[in-house]
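Notes for the one structure printed next.
Reminder, nothing fancy here: chain letters follow the sequence lines and each chain counts from 1.
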Amino acid sequence: MKIGYPCVNESLDCTTTSTFRLASYSDERVELAVGNNLRCLLRILAWNVERQLLFFRIGSGVVPFGSHPINTFPWQTRFAAEFRQVGDFVKAHDMRISFHPDQFVVLNSPDAGIVERSVQELVYQGSMLDLMGLDSTHKLQIHVGGLYGDRDLAISRFIATYRQLPEAVRARLVIENDDRLFSLQDCLRVHQAVGIPILFDNFHHECLNHGEPMAEALRLAAATWHPARDGVMMMDYSSQAHGERKGKHTASMEEDLFRAFLPELGDLDVDIMLEIKDKEASAGRACGILRDVGRLAVSLPAAQ
DNA sequence: TTTTGTCAAGTCCAA
DNA sequence: TTGGACTTGACAAAA
């Protein structure tokens, strides 16, 4: 089991997603930003290793305009060594990486242009994993997409697009149950058609479900992961922010809820991403709880 | 130096 | 019809 948090480390004074406006695009600015972003990424990963946080979601903006036609700078070759260095670090410390392409990636859109731009974004993010030398256990996580008033059609469009994806993307792509549109059952339909693993989100499942108890839902999702190809199941963990709109993530982990959730896992091995606003603070507390209950090694990894 | 409006991209839903 | 929300603030013009 690995524990992680997404995209941002609030304890360090750097960002992995420094960028600039499209209107002020230049190759020089791309080169400067990518260099800074990759240096910061290594700092965060090193910080994480010291705290036994071995799962990390990298933000989509490491390469500014990474899938935009304006960006013709050869960042793949210019930063090959730096990406490789990140990948080597990840492998040396047995870490796991994911990406979560943002809401503009909609593979089931009826608009062919949107689908094409979405595929290009996935190609860009997958290529970063390729440059790092990381295999298909490191994932690209997206939602099924829009509903467009017809669930069956929306799902069948996703399936048709998925089948045409480049292999480098398809091997890494996983779908996440969302909190309003596509439930675990919808994701299972997609899985049954094309074999794509389901990244389970406990909070989204609480918001949208068909009555499956949490433990059963976890097992249904876990069964969609092929151990050799996909690795251990990934999941997102969060809980409701009190007094806020339904679906709003809590600002800080509620330890009682997290402790109550753990028995639902039974003997499942999972890597857990804490989608909680205070980032590494809650992830660190989760590690502490897991050591308490014996699900995480008590001793930190030996310094290297 | 600090504040504030805006930023590549899509979709849904509440107001 | 519009604004907010979504996995995540940060850039850059204006004050």
Side-chain N or O of [X] less than 4.0 angstrom from OP1 or OP2 on [N]?
| X | N | answer |
| --- | --- | --- |
| A/Lys277 | C/dG9 | yes |
| A/Thr15 | C/dA10 | yes |
| A/Ser24 | C/dA12 | yes |
| A/Arg29 | C/dA12 | yes |

Atom pair distance, as rounded to whole Å: [atom1] in [X] and [atom2] in [N]:
| X | N | atom1 | atom2 | value |
| --- | --- | --- | --- | --- |
| A/Asn9 | C/dA10 | CG | P | 12 Å |
| A/Tyr5 | C/dT8 | OH | C1' | 13 Å |
| A/Met235 | C/dT7 | CE | P | 14 Å |
| A/Phe182 | B/dC13 | CZ | C1' | 15 Å |
| A/Ile276 | C/dT8 | CD1 | P | 11 Å |
| A/Phe55 | C/dT7 | CZ | P | 15 Å |

Distances for protein N or O near nucleotides 8-10 of chain B N or O, under 3.5 Å:
| unit_1 | atom_1 | unit_2 | atom_2 | d |
| --- | --- | --- | --- | --- |
| B/dA8 | OP1 | A/Leu22 | N | 2.6 |

Can you say whether the rings of [X] and [Y] are parallel (under 30°), tilted (30 to 60°) or perpendicular (over 60°)?
| X | Y | result |
| --- | --- | --- |
| A/Phe56 | A/Tyr5 | perpendicular |
| A/Trp75 | A/Tyr124 | perpendicular |
| A/His204 | A/His249 | tilted |

Write down the distance separating the [atom1] atoms in [N] and [M], rounded off to the nearest Å.
| N | M | atom1 | value |
| --- | --- | --- | --- |
| C/dT1 | B/dA8 | P | 27 Å |
| C/dA5 | C/dG9 | C1' | 15 Å |
| B/dC7 | C/dG4 | P | 15 Å |
| C/dG3 | B/dG5 | C1' | 15 Å |
| B/dG10 | C/dA10 | P | 23 Å |

Report whether A/Met235 and A/Leu208 are members of the same hydrophobic cluster (ILVMFWY, side-chain heavy atoms less than 4.5 Å apart, transitive linking). no

Strictly by side-chain hydrogen bond (donor to acceptor under 3.5 Å, both in side chains), give each pair with a member in residues 155-170 of chain A just once, sequence neighbours left out. A/Glu167-A/Arg170

Would you confirm whether A/Asn202, through its side chain, and A/Ser238, through its main-chain N or O, come within 3.5 Å as a donor-acceptor pair? yes

Short side-chain to backbone donor-acceptor contact, A/Glu10 and A/Glu280, under 3.5 Å: no

Stems in DNA chain C, runs of 3 or more consecutive Watson-Crick or G-U wobble pairs with both distances under 3.5 Å, sorted by first number, are B:1-7 with C:9-15, B:10-15 with C:1-6

Select base, sugar-phosphate, or nothing to describe what A/Gly146 touches, counting heavy atoms under 4.0 Å on all strands. sugar-phosphate

Categorize A/Leu147 for me: base, sugar-phosphate, or nothing, with a 4.0 angstrom heavy-atom threshold over every strand shown. sugar-phosphate

Mind checking what makes ring-ring contact (aromatic ring centres under 6.0 Å, His included) contact with A/Phe200, not counting sequence neighbours? A/His205

Any residue meeting ring-ring contact (aromatic ring centres under 6.0 Å, His included) with A/Tyr25, in chain and number order, not counting sequence neighbours: none

For A/His249 and for A/Thr19, locate the closest nucleotide of DNA chain C by heavy-atom distance; then report the residue assigned to the nucleotide nearer the 5' terminus. A/His249

Donor-acceptor pairs under 3.5 Å, side chain of residues 190-198 of chain A to any protein atom, not counting sequence neighbours: which ones?
| unit_1 | atom_1 | unit_2 | atom_2 | d |
| --- | --- | --- | --- | --- |
| A/His191 | ND1 | A/Ile196 | O | 2.8 |

